[in-house]
Each structure stands twice: as C-alpha cells, then as structure tokens.
Amino acid sequence: AGCPKRGPQLSPTGAWTPLLGPTSVPMFRKPIPVTGTHKLGGSDVKKLVKDLQKKFVGMSVESAESIVAPLGGKKTVLTLVKCQAPSRMQIYLSDGAPIVIDHSGKGDLELTYFALWRVPGALGKPIVVKHAHVTHYLLKGADLMLPGVGSAEDGPAGDFKKGQVVAISCPGNPLPFAVGEVQMSRTEFLAAQSGIYVKVKTCVRDALWALAASQLGRPELTPNRGFGESEIVAVDGQGNRVENDEDEAISPGSDGGEEEEGDEDEEEDEETETDDEHEERLPSMSDLEIAESPVVTVSMDTQIDTALIRAIKASIKDSELPMLSSKFWGQHVVPHRRGDGPALDVKRSVHKKMSKLFCEKIKQGWLFGKEDKHTKEIAVTSVCRSHKDFAGCDLSYETFAELELKEQRINDAATEAVAANYTGAAAAAFASNAGGRKNAPALVFEEKLRPPVSASKVFAELGKVDTLDNEHAPVRFPFDALYTKAEAGEVVKAYCELFQLDKNAPSGAHYLLDPTLCDALFKGVSKKSENFPTFAKKKDVCGDLWLGRFLKVTSIKRGAKRLIKKGGVPPMTIQSERRAGDRKVTRVFGFEQYLIEAEELRETLATKLATHCTVCDVGATKNAKALKEVVASGNAVEKVAGILENVYGVPRMNVATKDLFKGKGKNK
C-alpha cells in the first residue's frame, strides 16, 4: 500500500496519458482506442526483422524471424494497428498476436510477452518472482516490489542500469508473463530493502491481451497450463500445472506486488469472477487415473465373452429385440469391451467368423435367435440374463465407451476454457469450427448469497479458529466467497457451536445471542430505541434472521465463463421494427449477461436465418458502459427466440419478445 496509481488514463480525446509524469511507464489497463488496421506485405516483414536487429543488439536473424514470422514470410499475416490521436503508438500483430509496440511511431520498438513466448531469451535472463502468489498482484495491475524477488541472482545477468527493459517470469514456468522497466541499479538493488523493483509495462490479462483475444486469427493466449486466470504457477515437462504446497502455504498478502490506491470505480451490477476459489483448473487425463493403465493380458475369447455378458446384462433391452447380429455386435458388444484391453477381433478367436460366434452362443443358451430370411444373417430374438455361466464373472471394469466419454469431456472442457478467452470476431470464428460443436456450452443459473458487512465479525471469529495453529491454513468460511442457503446456514451454526450459545439458552430450541451475533442479525434493522433480543429460536437464527441479511446474487456459468449478477437476471429482448420506409428488422439485445458474444451471435443468426446481420452499439450512459445489439434483416422474432433456446440454452421465460408485425392490421 502507499504506491500511487501508475496506470494510464484515457483523456477526453481517447489518448493515453500517464499518471506519474514523464518518467512513468504506461500499462495497458483500459481498452486500446484503435483507429485503423491494415495488413503489411513481405517487404514490411523483412524491414521489421532488420529494425529488431538494430534495436536489440545481439539478436540473431533467426530470433527476429521467429518473432515476426514463425511460419515463414508468406504464411504469416503481419498487421499494423494504429491508435487514436494524439497518441502515435503503433502495434505490430503477427497472426493476431501483438509482438512489437512502437510507442512513438518512429522506430521506438519494444517487445511484448507474446514475442517472448516465441523467443524466451530475447530480452536476456528474466527476473523470477519469489513465489507464485506474487503473480496474483501483478496480473491485477501492481508493480513488482523488491520483497517479491527472491535474490540478486534472480535479476538479469550482469550489471544493469535504470530503465532496462526485462522480462518477468514465475519459478518453475520458463515463459515470461510480463515485461517491465527496472527502477534500480544492481548496487541500489543489493542495498535496498523495499521499493519498486520493476515498473510493469505489459502483463498477461491486460488490454494488450484483450486486443489479441479479439483478433480473427485467434492467437495463442495461454502458452501452457500454468497461465491461470488469477495467477501464474509452475508447470512440469508436459506443460501441465504443478501445485506447489509451499506456495499454497504463503498468504497472498505477504509480499510481492503492491496494489494501487486511489478512487475506486463505482461497483457495477455485474462482475466476472476471478477469485482463486472460483478458478477452475483444466482437467487432465492424470486426474482420471487412466494414464499408464496396465494392459490386461487375457485371451481374445475371454475378452469377447466378458463384453458379451456385460452387454446382455447392462445394455440390451427387450424392446429392441429382435436385432441383427451385426448391430448387436457393433452397438452393444464392442462398446462394452475392457478399456485397458485390446480391440475385439473375431478372427483372432476360435470362432473365426461372426456367424459361428453367435451360433455357438445360441447353443450355449446365452442367446436365442434365428436366421433372417432377407439378409441370411442371424437375428437375436431374446437373451438370457440369468445364465449359470454368468455367475462369478467380474463386470466391474471400466469399458471402452466410458473411457471415450471421459476423454470427450476432458477435450470439451479444454476447448471451452480456451474459447472463454476470446472475444468479438475471434469468439465467433472459434464457435464456428471448434471441434465441430453445434451448440454453445450449457448455460447454468445458480442462486447464491453474498455475506453482508454486518456479519464480517462472525466470519472473522471462525477464521481465527481455523488459523490458530497455522496462520497460513485455509479458512473454512471465507468472507469474500459466495454461499448457497445450506452453506450459509452452516456458517452461523458453526459459530453458535464454537461459543456454545445453546448451553445457557432458555430451552433446547433456542440460542443465546452474544453481541457479535446480535450485530450480525439486527444491526441496521432494529430502531435505536429498541433493545436487541438476548435469545432467539434456532430455526430463526439459522433461517430467516441470518439468511435475510445476505445479498442475493445469481451465478451465471457457460463453459469456462462465469458471471455474477446482483439479484435476478433480466430477460433478453427480441423485438421487430420498421426502418427506412418499409424495411423490417429484428433487434436482439441484453445477451451479454447470458455470456453470449455479439459477434458469435451475429454469425449464428446469419447462418441459421440465411440473412444479413450486423452488430451495433447501444448508447452508453454516464454510469453504464456501452452495450451491443444484433440487428437481423426481416421479421424473425420467433425464429430468433427458438435459436437462442436450442443453440445457447436460454429458456423462453428469460426472453422477452415484441413482434410489431404479428396479427392483423396496418403494421403487418
């Protein structure tokens, strides 16, 4: 605390203005005001490569080409983005990734973390933060403070001067996540005990990252699984997250980054969750314990018999019979083979042919069937589920179909997590060809409760007990979390049990109310002239008296995206109107709170309705940001409502329709 706000501000004309005077370093905290974008040619690629070699002494031609055109000059799309005047800043995008920033437009080049993902050593040895929790504050906009650096050896190699641009990385993760400017010489660094060590210029999850997320080329936004939403962690050799117990034991507020002070923006009605407790780790195959599974070495006949028995007991329904043997085999027997065993092959069994296999099982009494007159193929008419041969057969194994389903869920979760990072045209392009998905991820509504300020002391008392033996131990009931009604009731019940408030109560159905609990239940509700009660019924304390003080919010989740909305969710609006004479259009707005991207919805409606659709801005007010609306040609109110329900999972009760051309009259 105590650090002045260092981020840039937008002037009335939209230009970037630093807050710390001419020596400050701007950071991309707010959306970048872009005035023009145009594609560059092959000669511009070569020129930028040469300019990088001149600017960064010692950079090889191969390194410069890897930054600018990793796929080759003809395959790489190089784009130049110009910012709004009076700013002269230009940004070079390589396949959608902002790799180089020209602050003055005259060759004042600077590499971004996107460029360092391609060539990690382009700025020399990176500065490694002390532990992963330091990255939590840097991602929120703080500078790197001196206590957040491990030792002098974690700085750039050799002596350096003030103003040197360096990369910042996390221990155990080789790829940098931020670029900053050093504020101390090595002599000052060794002598100082506190202060700003590196003033951050660009960092993951800033406006530069958001610019890349909106590009149609869909550049890579997270180079490995260690790049989380709220902090950067170590990775193993395969690029998977490594949970460090030592880092988890360190309190996030211990040291490292320094948060900004100043006037906070007015709290909006909706906010995206970025708390650690709500961050979802991408699932991996190791989580399901199916990697490195030992292969069961049994004969092919045993494999076929086991799969056939499981299909008879668990899969075949009497209503589906009679069934041809080919369908019986392909749709029921094959999916029920052992997941850790080889593929079923009748030719490797003693039967050699499918017809002989089914004839043998009919003779044994497992199946009943006859030859089909038309196909000359055996048709299974019924099955025996209680055959004596089935006794003692172990059917508790994991089937091939179950393993396939788990892998599909993992791939879908990974795809949704990646798609959640993209916005605008990039989100629309991702939705159109992301693994062949026809529908968007499922929409989930959940009512939650946010603790009131009057109950903070109750949570604090419970937290003291949890951290009594270890101050870094996790707290069971954090004050800044969201709770269901049952979970919120457990909080006050745990408090009453902790202080034994039922011990001297008038009866077993009452709780005594101490001053802390009285304030939580009645402060601000009872009049000053009224006295607080000294006891209350248990069902009231754990029910309406306690839950009535909480703030109701709605948690909206779609795939890896999550949104918190105060109160309920207002309906999405679809209405038709007449424009430019007799031209009919359909307007759709209010879809942002259902986690639907405007460009993605535009492309979906254009495809489904086979009509022209555009995205327009809805006028912003003083206290509300600008929203988007999708306008489709023609009157398609009911069709759009059906698309929102079938593709995006928005219930009809959450869609308000207004069709001006419905029914008889002059408007039809």
Side-chain angles (χ1 to χ4, degrees), residues 133 245 248-254 267 271 273-280 444-557 562 564-569:
H133 283 299
D245 295 337
E248 290 178 357
I250 300 173
S251 174
S254 56
E267 185 177 2
E271 55 184 9
E273 284 194 24
T274 56
D275 297 337
D276 292 340
E277 62 268 20
H278 299 300
E279 183 178 349
E280 296 184 358
V444 180
F445 295 98
E446 188 176 6
E447 292 185 356
K448 292 280 191 176
L449 298 175
R450 176 173 289 168
V453 178
S454 59
S456 59
K457 292 184 179 179
V458 173
F459 285 86
E461 292 295 337
L462 293 174
K464 289 179 182 178
V465 177
D466 295 334
T467 58
L468 184 61
D469 298 330
N470 181 10
E471 62 178 347
H472 302 304
V475 179
R476 288 182 300 163
F477 305 110
F479 178 70
D480 55 353
L482 300 178
Y483 298 89
T484 62
K485 289 185 177 180
E487 293 170 346
E490 290 295 326
V491 176
V492 67
K493 190 180 295 183
Y495 179 84
C496 294
E497 291 176 356
L498 175 63
F499 292 96
Q500 300 180 354
L501 298 182
D502 58 344
K503 190 173 183 180
N504 297 321
S507 67
H510 290 79
Y511 279 135
L512 286 177
L513 303 182
D514 62 3
T516 301
L517 188 56
C518 265
D519 286 345
L521 298 178
F522 300 105
K523 187 175 182 180
V525 177
S526 300
K527 297 180 180 179
K528 293 183 178 180
S529 59
E530 296 179 354
N531 295 326
F532 286 171
T534 57
F535 60 89
K537 291 184 177 181
K538 289 183 178 180
K539 65 176 183 179
D540 294 334
V541 173
C542 299
D544 294 339
L545 288 178
W546 173 255
L547 299 179
R549 303 302 304 272
F550 280 66
L551 305 176
K552 294 182 180 181
V553 299
T554 303
S555 174
I556 310 168
K557 183 181 178 183
R562 191 186 294 259
I564 298 298
K565 180 75 177 177
K566 289 184 179 179
V569 183

Pairs of donor and acceptor atoms involving the side chains of residues 536-547, under 3.5 Å and at least two apart or interchain, shall be tabulated with distances.
unit_1	atom_1	unit_2	atom_2	d
K538	NZ	G508	O	2.9
W546	NE1	A488	O	2.8

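- Of the possible donor and acceptor atoms, one in the side chain of T554 sits under 3.5 Å from a partner among the backbone N and O of G567.
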Just distance, no hydrogens or angles: give the donor-acceptor pairs under 3.5 Å from side chains in residues 489-499, sequence neighbours left out.
unit_1	atom_1	unit_2	atom_2	d
Y495	OH	D514	OD1	3.4
Y495	OH	D514	OD2	2.6

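- The two residues P533 and C518 have their closest heavy-atom pair at O-SG, 3.4 Å.
- A donor-acceptor pair under 3.5 Å links the side-chain atoms of R549 to the main chain of A520, judged by distance alone.
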Note to self: Evaluate F445 against V569 for side chain to side chain contact (heavy atoms under 4.5 Å, CB included), listing each step before the verdict.
What the structure shows: CA-CA 9 Å; F445 295 98; V569 183; 4.0 Å; yes
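- For the atom pair CG (D466) and CZ (F477), the distance works out to 8.0 Å, reported to the nearest 0.5 Å.
- Rounded to the nearest 0.5 angstrom, F532 CZ and D519 CG are separated by 6.0 Å.
- One distance of note links CD1 of I564 with CG of L482; it measures 5.0 Å at 0.5 Å rounding.
- Atom CZ of residue F479 and atom CZ of residue R450 lie 10.0 Å apart, to the nearest 0.5 angstrom.
- The CZ atom of F535 lies 9.0 Å from the CG atom of L513; values are rounded to the nearest 0.5 Å.
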Checklist line | Intermediate values then yes/no, side chain to side chain contact (heavy atoms under 4.5 Å, CB included), L449 and K552 | finding: CA-CA 5 Å; L449 298 175; K552 294 182 180 181; 3.8 Å; yes
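- By the neighbour-count criterion of 12 heavy atoms within 6.0 Å, atom CD of E487 is densely surrounded, having more than that number from other residues, nucleotides or ligands.
- Distance check, rounded to the nearest 0.5 Å: CZ of F459 to CG of D480 gives 10.0 Å.
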Margin query: Go through it in stages, so that I can follow the logic: the residues are K448 and T484, the test is side chain to side chain contact (heavy atoms under 4.5 Å, CB included), and I'd like the CA-CA distance, side-chain angles, deciding distance and then a yes or no.
Written below: CA-CA 5 Å; K448 292 280 191 176; T484 62; 3.9 Å; yes
